[in-house]
Amino acid sequence: MRRHFPWMTLLAALLVVGITDIRFLLPENLVGLASDIVPLFIMAEGMTLVIYIGGIDLSSQSVANMATVLTTLELPVLGAGSGAVVALAGLAFGAASGTVTTRWKVPSFISTLAVGGIALSVAQFASGQQALHMDAEMRRHAFGWMLGRTAGVPHELLIALALGAIAWFVQTRMTAGRIFKAIGTAEPVAVASGVSVGRYKILAFALSGMFAAIAGVMFSVRLSGGSPTLAEGFLLPAIVAVLVGGTPLTGGVGGVLNTLIGALIVAVVRASMLYLNIPATGQQIFFGFVLITAIATTIDRSKMRVVK
Amino acid sequence: MVPHISAETIRRWVPLFVLLGLVLFFTALNPHFFSVRNFARIAISATPALMVAVGVTFVILMGSIDLSMEGTIAVAAVMFALILNRLGGSVVGVGGLAIPGALVVGAALGAINGLIHVKLKIPSFMASLSLGFVGVGLSLLITGGDRILIDDPVFRSLLTVRFGGFPLMTYVALFCLVVAWFIQANTTIGRNFYAIGGGEELARGSGLNVGRLRIIAFVIAGVFYALGAILAVARLGIAETETGRNFMFVSITSVVVGGTALAGGSGGVWNTLIGVLIVNVIGNGMVVIGLPDYFQDGMLGLLVISAVYLSMDRRAFSFVK
């Protein structure tokens with residue numbers, strides 16, 4: 001039952017909004033809805049891997065902020081290559097979080113908070129604390145392929161689905177993914193089975209950092225610029241997408257496909273709030289409570305003898 | 001004969017030596033650093049942060065964490081300003097009710113936080129993070145994103161009136177610190193926080209109502225966040241959602257740098273005082289020697305990682321999530 005809860009929620013949410021306004025269910029509206037949340041979805045996919053192993057990544061938003069700045073700055077130098085370089089920078093920041101967590105035994109919510117602080121400093125330093133703008137011609141030349149449409153489907157959406165497919169492949173078809181599951185289900189057992197758990201945990205954090213950076217790259221291309229605060233407001237909905245999708249905070253079950261559903265739920269809820277004229281500030285309160293509810297209903301309490 | 005100094009003693013005094021070392025370091029680089037005027041500047045920036053950090057100290061002593069301070073401060077600051085302006089705009093007379101009003105708001109938010117954490121059995125970092133978001137949203141909803149100005153001269157005297165070079169708010173904060181120390185050292189509740197942090201199952205086995213104590217700790221923390229909010233408003237004369245900004249990272253860094261272990265059970269509010277001073281001396285010193293202030297977030301990040309790394313007894317637990 002619990003396994004089917006996320007997509008049923010999505011369906012119910014769609015129906016409720018569809019009843020109030022049938023135009024909401026038109027294909028082009030739904031496609032628009034989905035492509036709106038592409039950066040958020042990509043960030044949430046990365047975060048899923050970390051939550052899947054029972055950790056948390058609070059640095060995603062700062063890494064994405066940094067990515068918007070670095071992409072904008074490097075565009076004139078590296079062209080489309082700036083996206084790849086920035087993704088690698090995200091990978092490095094994620095790996096740093098993972099290393100601090102596993103090697104130095106700093107809890108992940110603190111280590112990622114700290115690495116996020118470093119990313120924020122880099123963003124502020126590189127941008128000179130200003131909003132930066134991309135040159136329109138360079139942007140079109142380097143990233144134009146991101147912005148078009150094929151058969152009515154925005155390329156952004158296709159890229160997001162491709163990235164989701166990669167994450168899904170890693171999770172279900174590669175050794176790393178199986179080990180992520182082992183770590184999330186029972187870390188002591190994974191250690192006892194001779195798996196080098198530390199290395200795989202670092203990999204999960206690194207991938208999360210990379211996905212956050214890619215989210216930042218796509219966001220900055222969409223908005224044609226970058227600033228150290230551009231991706232502000234991403235963290236809460238990204239965590240909500242993972243949790244509502246059905247990956248519990250304790251890890252081990254759920255995964256990247258769940259987060260696809262979770263991100264769509266977030267998108268529908270957001271859009272329906274516009275339809276129902278609920279102010280944007282109300283959204284944050286609502287999502288905060290949704291997050292608490294999602295955690296409380298999905299968390300596996302048999303894994304926690306003591307709740308700290 | 002050389003007296004024997006244990007590793008434990010050294011560890012306890014390290015934060016203080018770090019603080020003294022930093023003061024010497026920045027003084028050597030720029031003699032202007034060592035002046036009453038500059039120390040007053042450090043005190044003003046450290047005062048609201050001290051209240052917030054003292055509040056979260058109680059929670060960390062139990063081995064839990066509270067990440068909701070930015071939301072709680074925002075709501076408490078905004079409610080304080082609204083009540084004050086609604087009741088005549090001066091803290092002398094009825095307007096003074098704004099102060100207990102803000103403290104009640106802080107306590108209520110802390111209680112909700114504690115209840116969600118304990119009753120729903122959600123790890124505190126996630127329960128409090130969610131509620132922090134709710135708080136920020138709530139304060140935006142109340143203000144509509146506007147700033148509320150406070151121009152009551154009596155209230156602003158917290159900043160403008162000085163004794164011995166330091167503004168009144170410094171002394172208020174020191175008084176609150178002593179109260180916090182009293183709670184920590186001389187009340188059953190305070191001692192029980194240490195018991196929970198030292199070993200929750202033992203504490204429960206000896207008959208402590210751990211759930212109730214956890215909620216009490218979050219309530220106390222909420223009250224101190226509200227105190228921090230009031231002092232932050234006194235410093236700037238403005239109450240807005242942004243009032244709470246950055247306090248989460250700064251206050252947790254301060255607590256950890258001061259030597260209170262994240263695992264709970266050791267440290268306390270005096271450690272937090274040292275930690276807040278270390279963080280603010282670094283912040284101020286960096287500006288005094290001419291480094292731009294945006295290096296601070298990165299600096300805090302490195303600081304918190306190294307402090308947690310140095311303070312943890314890594315033999316004690318093998319799995320860190």
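The structure displayed is predicted, hence computed values, not measured ones. Just so it is clear: chains get the letters A, B, ... in the order the sequence lines come, proteins before strands, and each one is counted from 1.
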Flag yes if more than 12 heavy atoms outside A/Arg301 fall under 6.0 Å of its CZ atom; otherwise flag no.
yes
Non-hydrogen atoms of chain A under 4.5 Å away: do they reach the side chain of B/Ile116, the backbone, both or neither?
side chain
Taking every heavy-atom pair that is under 4.5 Å apart, which of B/Ser139, B/Gly301, B/Gly137 has the most such pairs with chain A?
B/Gly137
Would you call B/Phe125 and A/Ile56 a side-chain contact if the rule is heavy atoms closer than 4.5 Å?
yes
Nearest heavy-atom approach of B/Ser130 to A/Gly288 is CB-O, 3.7 Å
What is the distance from atom CG of A/Leu236 to atom CG of B/Leu129, rounded to the nearest 0.5 Å?
7.5 Å
Using a cut-off of under 4.5 Å for heavy-atom pairs, which of A/Pro228, A/Gly117, A/Ala119 has the most such pairs with chain B?
A/Gly117
Calculate, to the nearest 0.5 Å, the distance between atoms CD1 and CD1 belonging to B/Ile65 and A/Ile110 respectively.
4.5 Å
Is any side-chain heavy atom of A/Leu113 less than 4.5 Å from a side-chain heavy atom of B/Val304?
no
Between A/Phe289 and chain B, which part of the residue has a heavy atom less than 4.5 Å away: side chain, backbone, both or neither?
both
pair B/Phe133-A/Leu235: side-chain heavy atoms closer than 4.5 Å:
yes
Is the ring pair B/Tyr294/A/Phe125 parallel, tilted or perpendicular, if the boundaries are 30 and 60 degrees?
tilted
Less than 4.5 Å to any heavy atom of chain B: does that hold for the side chain of A/Ile239, its backbone, both, or neither?
side chain
What part of B/Gln296 gets within 4.5 angstrom of chain A, counting heavy atoms only: side chain, backbone, both, or neither?
backbone
Can you tell me which portion of B/Ile252 sits under 4.5 Å from chain A's heavy atoms? Options are side chain, backbone, both or neither.
side chain
Counting heavy-atom pairs closer than 4.5 Å to chain A, which one of B/Glu200, B/Lys121, B/Met62 comes out on top?
B/Lys121
On a heavy-atom basis, the closest approach of B/Ile305 and A/Ala114 is CG1-CB, 3.6 Å
Value for CG (B/Leu131) from CD1 (A/Ile292), rounded to nearest 0.5 Å, stands at 4.0 Å
Heavy atoms under 4.5 Å from chain A: which residues of residues 239-249 of chain B carry them?
B/Arg245, B/Met248, B/Phe249
Other residues, nucleotides and ligands only: do more than 12 of their heavy atoms fall within 6.0 Å of CZ on B/Arg191?
yes
Just give me the residue among A/Ala296, A/Ser121, A/Gly282, A/Gly251 that pairs up with chain B most often, heavy atom to heavy atom, under 4.5 Å.
A/Ser121
Tell me the closest heavy-atom pair linking A/Ile299 and B/Pro123, and the distance in Å.
CD1-CD, 3.4 Å
Taking side chain as C-beta onward, heavy atoms only, is B/Met126 less than 4.5 Å from A/Leu291?
yes
